[in-house]
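Notes follow once the structure below has been shown.
Residue numbering restarts at 1 for every chain, and letters A, B, ... go by the order of the sequence lines.
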Amino acid sequence: MSFSLTTWNINSVRLRMPLVQDFLKAKGPDVLCLQETKCENDSFPMAAFRKAGYEHAAIHGQKGYHGVAILSKLPLSMIDRRDYCNMGDSRHVSAIVEPEKGRRIRVHNFYVPAGGDEPDPEINPKFAHKLKFLDEMRLLHAEAERHAGVSTILVGDLNIAPLETDVWSHKQLLKVVSHTPIETETLLDIQSSGAWVDLMREFIPPSEKIYTWWSYRAKDWKAANRGRRLDHIWSSADLAPALASIEVLGAARGWERPSDHVPVTAAFQLRTAQ
DNA sequence: ATGGTGGACGCTCCA
């Protein structure tokens with residue numbers, strides 16, 4: 001039994017629906033997790049997703065900013081939308097998918113706050129918000145459901161590039177929000193204390209560079225190649241042996257009117273798991 | 001050292 005899931009910060013789902021449709025036609029993951037949909041639930045382009053074979057959805061949107069969504073070929077149940085930091089932001093949605101009988105997986109889809117420019121929580125409330133948000137994410141691993149036969153996948157734009165090989169220049173980005181020690185250490189600590197597995201790094205060793213985001217502000221993003229790995233796919237330990245592949249679709253950054261993030265897809269062969 | 005681009009919204013915020 002195979003199962004595949006894509007995470008993609010789409011930076012306006014309405015504007016980029018044609019790209020999404022092309023992607024779904026080409027890759028057809030079972031589940032698609034989007035971030036920065038930037039539209040209210042009422043204006044989410046659900047009809048186009050249904051037409052593409054994605055009849056099931058868990059949407060958590062808001063006007064103009066943020067917004068996350070899970071689209072699925074398979075039924076979704078136990079949909080949950082959480083207000084991290086109690087600010088009314090739409091930055092989380094989760095749901096259970098059951099790729100085969102008895103194999104339940106809760107998918108958590110996150111859009112972590114970017115954190116502003118100044119990496120000091122004392123003077124920059126956006127950075128303080130980011131750190132507080134991470135602290136709340138830390139609690140996920142303790143949830144009863146995870147110990148009651150439900151596996152977990154956590155994806156999204158986490159807005160942190162934790163490893164030296166997750167950025168174009170470790171040295172030059174040490175004081176740049178997304179790669180500061182407080183952020184990278186916190187993220188890696190959440191990962192290890194929660195027994196999460198970084199599936200992208202299971203498949204692509206830490207010795208190799210991986211980028212999932214390239215700034216719009218570069219003159220020539222491809223030539224400069226100053227990317228960062230801001231998008232992630234984690235799982236509970238029980239799912240890791242079932243990982244079959246990870247694909248980072250870098251070509252998507254070169255599509256017409258692209259998102260600044262590219263889609264990342266994990267494929268599983270569930271029979272090989274415990 | 002600075003400003004560069006892109007999206008939503010509505011004359012500015014956020015990334």
Side-chain angles (χ1 to χ4, degrees), chain A residues 7-23 33-46 48 59-69 83-85 87-92 109-121 123-134 155-162 166-169 171-180 182-184 187 211-232 250-264:
Chain A
T7 181
W8 194 5
N9 179 321
I10 197 63
N11 189 14
S12 175
V13 67
R14 285 177 294 178
L15 184 69
R16 277 182 250 287
M17 200 55 210
L19 298 186
V20 175
Q21 285 164 315
D22 288 350
F23 174 80
C33 295
L34 297 174
Q35 304 88 35
E36 282 206 89
T37 52
K38 293 187 174 177
C39 72
E40 290 172 299
N41 294 350
D42 287 349
S43 47
F44 194 86
M46 202 52 226
I59 302 168
H60 189 190
Q62 72 183 79
K63 189 174 182 176
Y65 303 104
H66 323 313
V68 287
D83 183 359
Y84 280 70
C85 301
M87 294 177 65
D89 285 357
S90 297
R91 296 179 177 275
H92 167 271
N109 180 15
F110 279 100
Y111 175 50
V112 172
D117 287 332
E118 189 58 54
D120 180 351
I123 61 171
N124 174 9
K126 289 180 188 173
F127 196 71
H129 177 208
K130 185 176 196 174
L131 297 179
K132 185 162 179 277
F133 195 102
L134 292 171
V155 305
D157 177 3
L158 305 187
N159 265 314
I160 298 174
D166 291 337
V167 291
W168 64 275
S169 168
K171 202 177 160 192
Q172 285 178 260
L173 289 175
L174 272 170
K175 290 180 178 171
V176 174
V177 170
S178 75
H179 194 63
T180 64
I182 180 69
E183 293 169 90
T184 59
L187 195 70
Y211 309 142
T212 65
W213 171 89
W214 291 261
S215 172
Y216 284 127
R217 297 177 190 179
K219 274 201 184 87
D220 184 339
W221 71 274
K222 200 169 192 174
N225 197 25
R226 295 186 168 187
R228 305 177 202 170
R229 181 171 73 116
L230 302 179
D231 302 276
H232 298 268
R253 185 63 178 79
W255 292 350
E256 194 158 334
R257 293 202 86 184
S259 168
D260 44 356
H261 296 252
V262 298
V264 183

Do you see a donor-acceptor pair shorter than 3.5 Å between the side chains of A:E40 and A:S43? no

Test side chain to side chain contact (heavy atoms under 4.5 Å, CB included) applied to A:D220 - qualifying residues, sequence neighbours left out: A:K222, A:A223

Considering only the C1' atoms, how many Å lie between B:dG3 and B:dA15, rounded to the nearest integer? 15 Å

Distance to the ring centre below 6.0 angstrom and angle to the axis at most 45 degrees; does that hold for A:R228 and A:W213? no

In this structure, how many angstroms lie between the P atom of B:dG6 and the CG atom of A:L19, rounded? 14 Å

Could you work out the separation of B:dC13 and B:dC9 based on their C1' atoms and round it to a whole Å? 9 Å

Measure all distances between protein nitrogen or oxygen atoms and nitrogen or oxygen atoms of nucleotides 8-15 of chain B, and list the pairs falling under 3.5 Å.
| unit_1 | atom_1 | unit_2 | atom_2 | d |
| --- | --- | --- | --- | --- |
| B:dA8 | OP1 | A:S12 | OG | 2.1 |
| B:dA15 | N6 | A:R217 | NH2 | 2.6 |
| B:dA15 | N1 | A:R217 | NH2 | 2.8 |

Specify whether A:H66 and A:Y111 have parallel, tilted or perpendicular ring planes, treating 30° as the upper limit for parallel and 60° as the lower limit for perpendicular. tilted

Would you call the rings of A:F133 and A:F110 parallel, tilted or perpendicular if under 30° counts as parallel and over 60° as perpendicular? perpendicular

Suppose you measure atom C1' in B:dC14 against the same atom in B:dG10; what distance do you get, rounded to whole Å? 15 Å

Taking salt bridge (charged side-chain N to carboxylate O under 4.0 Å, His left out) as the definition, give me every residue that meets it alongside A:D89, ordered by chain and number, with sequence neighbours left out. A:R91

What integer distance in Å separates A:R226:CZ from B:dG3:P? 17 Å

Report the distance from atom CD of A:Q62 to atom P of B:dG7, rounded to the nearest whole Å. 19 Å

Mind checking the P distance from B:dT2 to B:dT12? Whole angstroms is fine. 24 Å

